[in-house]
Trainee: 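Please see the structure below; I have some questions.
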Amino acid sequence: AGQKVEKPVLRVQVFSRHDPLQIVESALPEDARPSQILGTITGVCDFNHTLAELAHEAAKYHDLAPRLWGPQEVELGDESPTSFRERIRLLRKQLHDDADAVDGMDQDELRDRLEREGHASTGAFARGRDKDGKEKQPGKVARERLRAVLYRKAARLGYGELSDF
């Protein structure tokens, strides 16, 4: 008991002429390269806090996501927070109105709007029959897709909130 027993160890190393980290870093911008960043990181450890002080400090970061929603006030430039909020609300209302008007659009307008929003219109105008044997309305898939795209875009806009961070 207490004596060390030596065991044989087999060490295998594989060498490469190319450094994988160097290959990845060469594709990144100069300021985003891990080897550059690691040399500038500074850490601070402070062991003289009570549990209550740590909890108080951590509370600042609790439920942070809702406070990061919009831009900060300084990022608005010359625009006031009130005019920003009004502009976003009008844009949101316009997106909802557009989503409600999707059924009245013709196929060319649907195709153009889907593509303007960055979504494919391929296969969205196919004719066929549904599982009940009824003929599908041409463009039904495109209408549903565009409506969903517009509602998601409106949801991402928010209501003109500013970030509280």
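Side chains included, hydrogens not; waters and symmetry mates left out as well; all remaining heavy atoms used.
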Trainee: What distance separates Arg111 CZ from Leu114 CG, expressed to the nearest 0.5 Å?
Mentor: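 One gets 9.0 Å once the value is rounded to the nearest 0.5 Å.
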Trainee: What distance separates Arg152 CZ from Leu157 CG, expressed to the nearest 0.5 Å?
Mentor: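 Rounded to the nearest 0.5 Å, the CZ-CG separation comes out at 13.5 Å.
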Trainee: Quick check for you: to the nearest 0.5 Å, what is the distance between Asp108 atom CG and Arg113 atom CZ?
Mentor: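 The CG atom of Asp108 sits 15.5 Å away from the CZ atom of Arg113.
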Trainee: What residue among Asp103, Asp100, Asp98 forms salt bridge (Lys or Arg N to Asp or Glu O under 4.0 Å) with Arg147?
Mentor: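 When salt bridge (Lys or Arg N to Asp or Glu O under 4.0 Å) is applied between Arg147 and each of Asp103, Asp100, Asp98, only Asp103 qualifies.
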Trainee: Partners of Arg89 by side chain to side chain donor-acceptor pair (under 3.5 Å), sequence neighbours excluded?
Mentor: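 Partners of Arg89 under the side chain to side chain donor-acceptor pair (under 3.5 Å) test: none.
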Trainee: Glu79 and Phe84: which non-hydrogen atoms are nearest, and at how many Å?
Mentor: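 Heavy atoms only, the tightest pair is OE2-CA, 3.3 Å.
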Trainee: Mind checking ring-ring contact (aromatic ring centres under 6.0 Å, His included) for His56 and listing every partner two or more places apart, or none if nothing turns up?
Mentor: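 Counting only residues at least two positions away or on another chain, His56 forms no ring-ring contact (aromatic ring centres under 6.0 Å, His included).
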Trainee: Find the distance between CG (Leu150) and CG (Asp97) and round it off to the nearest 0.5 Å.
Mentor: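 Reported to 0.5 Å precision, the distance equals 10.5 Å.
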Trainee: With rounding to the nearest 0.5 Å, note down the distance linking CG in Leu146 to CD in Glu109.
Mentor: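 If I round to the nearest 0.5 Å, the distance is 9.5 Å.
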Trainee: Ignoring hydrogens and angles, tell me if any N or O in the side chain of Glu53 forms a donor-acceptor pair with the backbone of Thr50 under 3.5 Å.
Mentor: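 Answer holds: yes.
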Trainee: Quick one: does Arg92's side chain have a donor or acceptor within less than 3.5 Å of a partner on Lys153's backbone?
Mentor: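 Answer holds: no.
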Trainee: Under a 4.0 Å threshold between the charged nitrogen and the carboxylate oxygen, would Asp112 count as salt-bridged to Arg116?
Mentor: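 Salt bridge absent between Arg116 and Asp112.
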Trainee: Treating Ile, Leu, Val, Met, Phe, Trp and Tyr as nodes and any side-chain heavy-atom pair under 4.5 angstrom as an edge, say whether Val102 and Leu91 lie in one connected cluster.
Mentor: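 Looking at the clustering, Leu91 is in the same group as Val102.
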Trainee: Taking atom OG of Ser26 and atom CZ of Arg33, what is their separation to the nearest 0.5 Å?
Mentor: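 Atom-to-atom, Ser26:OG and Arg33:CZ are 7.0 Å apart.
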